Amino acid sequence: MHIFLEQLINGLTIGSFYALIALGYSMVYGILKLINFAHGDFFTLGSYLGYTVLVFGVAASTTHFGLWGGLMVAMTIAAVSLAIVGIVVERLAYRPVYPAGRLPAVVSALGASIFLQNAIMVIWGPRYQAYPSSLIPNVHLQIGDIHLSVLQLLILVLSFFLMGMLFFIVQKTTFGAAIRATALDRKTASLMGININKVIFFVFTLGPALGAMTGIMVGMYYRQISFTMGWNYGLKAFTASVLGGIGNIPGAMVGGLLLGVLEMLGAAYISTAWKDVFVFLILILVLIFRPTGILGEKVAEKV
Amino acid sequence: MELRQQNNQRRLLDFGHPQIVLIVSAFILYPFFVSDYLIDIAFFFGIYALLGLSLNIVLGEVGLFDLGHAGFYAIGAYTTAILNTRYGVPILVLLPVSAIAAGLFAYLVCSPIIHLQGDYLLIVTLGMGEIVRLALINNPFDLTGGPNGVFGIDFPSLGTWFVIDSSIKYYFLIWIVVALSIVGLTRLQQSRIGRAWNYIREDEIAAKASGVDVRSFKLLAFILGAGLAGVAGNIYASKLMCVSPESFTFWESCLMFCIVLIGGMGSIPGVIIGAAFISLFPEIFRPFAMYRMLVFGSAMILMMMFRPGGVWPRKRGAVSFTSLLSTNGREHG
């Protein structure tokens with residue numbers, strides 16, 4: 001039983017990574033029906049920026065603000081920079097392509113992804129980079145039989161806080177209603193006086209910013225980052241957002257957490273080598289029986 | 001009757017157009033004037049052209065989002081590799097075998113998912129492609145050789161007097177296959193099947209309402225597309241003499257997707273241009289070293305900005321009354 005619980009916690013940890021990245025995919029998809037392939041690279045870029053701040057600015061920031069302060073500085077710098085990058089990519093690579101329809105935007109997104117990935121390689125070099133190891137004290141908490149590291153606790157608290165914030169914004173505020181309305185029907189929403197550009201601005205700043213913070217958390221958790229990791233996380237997160245019902249914001253959270261938990265349980269009880277196969281099989285099975293994902297609503301076909 | 005025959009002949013090879021004769025002769029003469037390195041680049045251009053043509057059936061003709069096409073390519077390559085190294089089956093015999101294996105695989109995995117729409121189909125095919133790659137890495141039944149793959153695949157040969165063992169022979173092998181595929185696919189585009197596919201792409205519900213068996217036609221597209229990718233896999237495996245899971249990543253599927261979209265959906269000349277872009281561009285920009293992929297990424301974005309429909313979009317041909325009569329005559333008469 002305690003193996004199950006520990007795997008559950010590990011699963012929730014990586015599941016919250018997936019969920020936070022999946023939110024970026026899902027928000028953009030909801031508003032623009034665009035699969036933002038560059039999103040995984042936003043995440044990587046955030047991770048590298050955080051790495052630079054923590055390694056080179058760590059003395060300055062931690063002496064001034066303490067350990068947690070230094071971490072917050074890194075998170076903030078990465079999030080703000082990525083919000084800017086997100087907007088720049090949207091303006092340069094996506095906006096000119098929207099009128100042409102959905103598929104050209106896919107190629108444009110892949111182009112942006114290649115560009116960002118190689119820009120990271122040119123700037124930081126093709127080798128793996130290691131996050132500073134002594135950042136968070138390596139202390140384990142013992143709750144019953146279960147070990148829980150402080151880092152894991154931090155990641156869980158922070159990501160649930162971020163998800164909660166986003167959930168609140170989207171579900172409870174007026175602006176959130178505008179976002180949901182735009183996702184449902186962009187044209188009608190704009191006729192109702194919703195400023196679509198503001199909504200697009202919001203999803204392209206908040207999504208990458210969340211991705212950047214996730215990047216730092218992943219860096220701290222695994223200690224090792226590479227310029228190609230965006231593909232892998234992006235793929236998983238995109239899978240998670242489809243699993244939950246793409247375009248649906250609570251769906252992305254549920255899908256991400258579920259994917260992480262399934263992956264860890266699959267690794268523990270089936271086999272480590274086959275865990276990803278297991279995850280994709282579950283995805284395919286879910287989509288065969290619920291073709292619009294777990295929380296996705298069935299959209300009537302227009303004739 | 002006389003008119004019809006003329007019409008058919010013209011459509012088959014289009015000798016009426018001097019530019020086609022010119023392009024074909026350029027392709028024939030090219031390898032005799034350049035180094036082996038440049039011939040090999042043209043060989044891989046051919047492989048991507050064939051892969052682009054194969055995905056074009058699914059994505060371009062029917063409009064089904066398939067982002068796992070590398071999976072079919074892998075099935076073809078591994079079928080060739082395993083049967084050749086274990087049982088010594090000749091490569092040329094394995095060419096149709098690989099195509100059938102990939103087509104059969106497509107039939108089995110696509111039957112339950114063919115009803116999915118748009119992006120959901122995309123993610124499921126993506127997952128299918130990843131499952132194939134991960135399975136190859138995990139070496140089931142000790143068949144696939146794990147991450148290292150399978151080594152020591154033969155040259156294609158007929159007895160001892162005809163062996164394809166040099167760059168130039170491989171070049172002709174791939175481009176002859178591409179040329180045959182182009183002829184076949186052009187014919188298919190104009191056939192009843194091609195028209196049904198395009199109908200589904202333009203308006204699935206209307207197609208269904210007018211009696212097109214949407215499910216079967218979609219499956220047929222997947223099977224043919226996968227079969228052609230299997231052929232590409234066969235030639236690729238024997239050219240490289242080894243196959244490994246790295247060659248069949250999600251990235252390859254993305255490249256194929258880009259080939260079709262850069263060229264123009266459903267446009268055969270477009271696919272060839274798209275394949276040229278994807279395979280030649282990184283070679284041409286080799287002097288830029290580590291910056292070349294930055295240029296590549298930006299070029300993809302610029303291309304979609306200025307030619308969103310592709311470099312050579314498919315022209316909506318107005319079907320002439322006489323050609324309709326003649327095809328109907330052929331099918332029912």
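Every chain is numbered from 1, with letters handed out A, B, ... down the list of sequences. Bear in mind the structure is a predicted one, so any value in this text is a computation, not a measurement.
When the shell of 6.0 Å around OH of A:Y222 is examined, it contains more than 12 heavy atoms from other residues, nucleotides or ligands. When the shell of 6.0 Å around OH of B:Y107 is examined, it contains 12 or fewer heavy atoms from other residues, nucleotides or ligands. Counting heavy-atom neighbours within 6.0 Å of A:F201 CZ, excluding the residue itself, gives a total of 12 or less. Open room surrounds CD on B:E246; 12 or fewer heavy atoms of other groups in view lie less than 6.0 Å from it. Residue B:W312 places its CH2 atom among 12 or fewer non-hydrogen atoms of other residues, nucleotides or ligands, all under 6.0 Å distant. Around atom OH of A:Y269, more than 12 heavy atoms belonging to other residues, nucleotides or ligands sit under 6.0 Å away.
Relative ring orientation between B:F250 and A:W231 is described as perpendicular, the plane-to-plane angle rising above 60° on a 0-90° scale split at 30° and 60°.
Listed here is the closest heavy atom pair of B:G127 and A:F280: CA-CD2, 3.6 Å.
For chain B, the option among A:L116, A:V279, A:V97, A:V242 with the highest count of heavy-atom pairs below 4.5 Å is A:V242. Interface remark: of the candidates B:V295, B:L126, B:I137, B:I123, B:I123 forms the most heavy-atom pairs closer than 4.5 Å to chain A.
Summarising the geometry, atom CG belonging to B:L67 is positioned 5.0 Å from atom CZ belonging to A:F37; distances are rounded to the nearest 0.5 Å. Note that CD of B:E130 is 8.0 Å distant from CG of A:N232, once rounded to the nearest 0.5 Å. Interatomic distance, B:F65 CZ to A:R102 CZ, rounded to the nearest 0.5 Å: 5.0 Å.
Residue A:L281 touches chain B through both its backbone and its side chain, counting heavy-atom pairs closer than 4.5 Å. With a 4.5 Å cut-off on non-hydrogen atoms, A:L235 touches chain B through its side chain but not through its backbone. With a 4.5 angstrom heavy-atom cutoff, B:L116 touches chain A only via side-chain atoms. For chain B, the nearby part of A:Y29 is the side chain; its heavy atoms alone come within less than 4.5 Å. Interface residue B:L122: only side-chain heavy atoms are found under 4.5 Å from chain A. Neither the backbone nor the side chain of B:A206 comes within contact range of chain A; no heavy atom of the residue lies under 4.5 Å from a heavy atom of that chain.
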Please tabulate, for the side chains in residues 70-79 of chain B, all donor-acceptor contacts under 3.5 angstrom to protein atoms that are two or more places apart in sequence or on a different chain.
unit_1, atom_1, unit_2, atom_2, d
B:T79, OG1, B:I75, O, 2.5

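No donor-acceptor distance shorter than 3.5 angstrom exists from the side chain of A:N118 to the backbone of B:L294, with no hydrogens or angles considered.
The shortest distance between side-chain heavy atoms of B:I113 and A:I284 falls below 4.5 Å.
Below 4.5 Å, heavy atoms of chain A meet heavy atoms from B:W251, B:C254, B:F257, B:C258, all part of residues 251-259 of chain B. Residues of residues 103-113 of chain A lying under 4.5 angstrom from chain B, judged on non-hydrogen atoms, are A:L103, A:P104, A:V106, A:V107, A:S108, A:L110, A:G111, A:A112 in numerical order. Of residues 296-307 of chain B, those residues with a non-hydrogen atom less than 4.5 Å from any non-hydrogen atom of chain A are, in numerical order, B:F296, B:G297, B:S298, B:M300, B:I301, B:M304, B:M305.
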Under the criterion side chain to side chain contact (heavy atoms under 4.5 Å, CB included), I'd like the reasoning laid out for A:W274 against B:N138: C-alpha separation, chi angles, the key distance, then a yes or no.
CA-CA 7 Å; A:W274 291 91; B:N138 286 331; 3.4 Å; yes

